[in-house]
Amino acid sequence: MEARLNLFASPVATKLVKHFVGAGKVAHETTVPDATLELVKIRASQINGCGYCLDMHTKDAAEAGETQQRLHLVGAWREATVFTEAERAALELAEQGTRIADAAGGVPDEVWENAAKHYDSEELVALVATIAAINAFNRLNVIFQQPAGDYRPGQFA
């Protein structure tokens, strides 16, 4: 696959991505575990079919010590026994926040309440911001058909 546009050569895309990345760094400054934030990014990217983000976030997660078993089971988190209750709540919030257009009422109250059992208000902001940011990145990459497979862990750090 060839990208429709070279995002890395575009001054506008470079500025835009810089702001997206900056917003994402704020979430990593909270007490939400980085592993949880990566799982959320992976799940949203699976739903959106963003190969580029899946390549990036699975490699970065593995480099940071995430197990292959957990990475392979993100898409089946409901049936997998390898995730904590807090991670499950974050993954459910990620799914509902990513599929927001599929539900007339947005994220159901029970999903929010479950997440709020495990995360305080600042952590919830970080989770929602991460969900919003990864969905924006997914849309950029899917629309521009950014090819996946060549990412190196930490490439944009």
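Positions are given from 1 along the sequence.
Heavy-atom minimum distance, T81 versus R88: CA-NH2, 3.9 Å. Taking every heavy atom of both residues into account, C53 and I134 meet most closely at SG-CD1, 4.0 Å. Looking at every heavy atom in both residues, A27 comes nearest to L37 through O-CD1, 3.6 Å. Looking at every heavy atom in both residues, T36 comes nearest to A90 through CG2-CB, 3.7 Å. What you find for R139 and T98 is that their closest heavy atoms are NH2-O, 4.2 Å. In terms of heavy atoms, P153 sits closest to D60 at CA-OD1, 3.3 Å.
Residue pairs that meet the ring pair (Phe, Tyr, Trp, His ring centres under 6.0 Å) test with at least one member in residues 20-48, sequence neighbours left out, are F20-F137. Within the structure, ring pair (Phe, Tyr, Trp, His ring centres under 6.0 Å) contacts touching residues 71-118 (residues at least two apart or in different chains) do not occur.
Taking 4.0 Å as the cut-off between side-chain N and carboxylate O, K117 and E85 do not count as a salt-bridged pair.
Within a 6.0 Å sphere centred on CZ of R78, heavy atoms belonging to other residues, nucleotides or ligands number more than 12. The environment of CD in E110 is crowded: more than 12 heavy-atom neighbours from other residues, nucleotides or ligands sit within 6.0 Å. Crowding of D102 atom CG: a count of heavy atoms from other residues, nucleotides or ligands under 6.0 Å exceeding 12.
Annotation: ring pair (Phe, Tyr, Trp, His ring centres under 6.0 Å) contacts of Y119 (sequence neighbours excluded): none.
Side-chain contact between E66 and L39 is present, with heavy atoms from C-beta onward closer than 4.5 Å.
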